[in-house]
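One structure is given here, and the rest of the page talks about it.
Chain identifiers are assigned alphabetically (A, B, ...) following the order of the sequence lines, protein sequences preceding nucleic acid strands; residue numbering begins at 1 within each chain.
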2 protein chains.
Amino acid sequence: MSQERSTRQRAAMRAVIEAAGRPLSPQEICAMAQSEVPGLGTATVYRNLKLMVEAREIEPVVLPGEGARYEPTHHGHHHHFQCNECKRVFDVHECPGDLDRLAPKGFTVERHELTLYGRCDECAAPK
Amino acid sequence: MSQERSTRQRAAMRAVIEAAGRPLSPQEICAMAQSEVPGLGTATVYRNLKLMVEAREIEPVVLPGEGARYEPTHHGHHHHFQCNECKRVFDVHECPGDLDRLAPKGFTVERHELTLYGRCDECAAPK
DNA sequence: ATAGATGCAAAGAGTTTGCATAGGT
DNA sequence: ACCTATGCAAACTCTTTGCATCTAT
């Protein structure tokens with residue numbers, strides 16, 4: 001039987017993802033976790049992300065045209081906002097709801113993804 | 001000044017995209033256009049796709065986690081529906097509108113993308 | 001004739017995999 | 001000690017770029 005071990009790199013990644021408050025890209029996670037575990041390699045980050053997703057500890061956030069980002073598993077439906085300037089992604093907990101009616105006749109809607117684009121509060125503010 | 005030339009490869013790509021009736025990936029476009037222009041290379045496909053997008057002749061359709069596909073330019077805002085079974089993508093011309101209110105305070109919404117997932121009419125129907 | 005377009009190959013960017021070694025248990 | 005996890009480097013996929021050649025105008 002396989003058994004998951006608790007390693008410094010995994011702990012560092014977990015801490016970084018928990019603390020972020022927004023979905024992080026693999027490179028961000030790698031860079032941020034390196035302050036805790038300097039030698040951390042990208043392969044390890046990808047391998048652990050995969051394991052953590054399978055363990056339902058985190059989940060991928062995939063926006064159109066962008067690589068996957070990861071955030072702690074949310075219980076409940078939510079969407080995302082991407083800043084056109086800094087390109088960071090934020091959670092949006094509101095939902096327009098009732099999107100089933102938009103589908104063509106005979107189509108059944110099971111799920112939807114909504115992404116807003118614009119300026120985040122920091123980038124909207126004058127410098 | 002630059003002037004766009006009409007070439008066989010561009011014409012073939014245009015024809016393929018027009019005839020498809022659904023958004024096509026660069027590889028599909030390349031493969032399909034090669035029956036008309038055998039030596040067509042991927043670099044040319046990508047370069048022409050870029051030009052055609054800039055010329056507003058076609059537009060990219062980018063779904064989460066999928067590479068870009070291209071379809072003839074639609075006039076008017078629209079969204080997409082992807083069938084979970086056949087994976088085909090369809091246009092959805094309705095729009096929930098008024099999504100600006102969903103953003104966090106201080107955030108400005110400029111644009112939105114909405115993708116519905118479910119069953120298309122053919123796949124929803126019993127076989 | 002001239003300048004944009006093409007095709008090949010090489011270069012990038014992001015992600016995955018092979019393999020010897022480090023390190024949890 | 002055993003066996004998973006790690007780090008490096010190489011492989012892979014998709015897309016872009018450099019460059020000599022071709023070709024529409």
(message) If you take any heavy atom closer than 4.0 Å to DNA chain C, which residues from residues 5-14 of chain B end up in contact?
(response) B:Arg5, B:Thr7, B:Gln9, B:Arg10
(request) Check each residue of residues 44-56 of chain A for a non-hydrogen atom within less than 4.0 Å of any atom in DNA chain C, then write out the ones that pass by number, or none. (result) A:Tyr46, A:Arg47
(request) For A:Arg111, enumerate each residue passing the salt bridge (charged side-chain N to carboxylate O under 4.0 Å, His left out) test, keeping only those at least two apart in sequence or located in another chain. (result) A:Glu113
(message) So, using side chain to side chain donor-acceptor pair (under 3.5 Å) as the criterion, who are the partners of A:His77 when residues are at least two apart?
(response) A:His79, A:His112
(request) Could you pull out all residues at least two apart from A:Arg88 that satisfy salt bridge (charged side-chain N to carboxylate O under 4.0 Å, His left out)? (result) A:Glu122
(message) If I take atom CD in residue B:Glu4 and atom C1' in nucleotide C:dT6, what distance separates them, rounded to the nearest angstrom?
(response) 14 Å
(request) Using heavy atoms and a sub-4.0 Å distance, could you list which residues of residues 21-33 of chain A are near DNA chain D? By number, please. (result) none
(request) Give the other cluster members for A:Phe81, using side-chain heavy-atom distances under 4.5 Å between Ile, Leu, Val, Met, Phe, Trp and Tyr residues; answer none if it is isolated. (result) A:Phe90, A:Val92, A:Leu99, A:Leu102, A:Phe107, A:Val109, A:Leu114, A:Leu116, B:Phe81, B:Phe90, B:Val92, B:Leu99, B:Leu102, B:Phe107, B:Val109, B:Leu114, B:Leu116
(message) Listing request: all side-chain hydrogen bond (donor to acceptor under 3.5 Å, both in side chains) pairs with a residue in residues 90-107 of chain A, at least two apart in sequence or in separate chains.
(response) A:His74-A:Asp91, A:His80-A:Asp91, A:Asp98-A:Arg101
(request) Just jot down the salt bridge (charged side-chain N to carboxylate O under 4.0 Å, His left out) partners of B:Glu28, sequence neighbours excluded, or say none. (result) B:Arg22
(request) If a pair satisfies salt bridge (Lys or Arg N to Asp or Glu O under 4.0 Å) and one of its residues is in residues 49-61 of chain B, list it, with sequence neighbours excluded. (result) B:Arg14-B:Glu57
(request) Would you mind listing every side-chain hydrogen bond (donor to acceptor under 3.5 Å, both in side chains) that reaches into residues 32-42 of chain A, with sequence neighbours excluded? (result) none
(message) Looking only at the side chains, is there a donor atom on one of A:Asn84 and B:Glu110 sitting less than 3.5 Å from an acceptor on the other?
(response) yes
(message) Apply the hydrophobic cluster definition, ILVMFWY joined by side-chain contacts under 4.5 Å directly or through others, and give me every member besides B:Tyr117.
(response) none
(message) Between C1' on C:dA22 and CG on A:Leu40, what's the gap in Å once rounded to a whole number?
(response) 15 Å
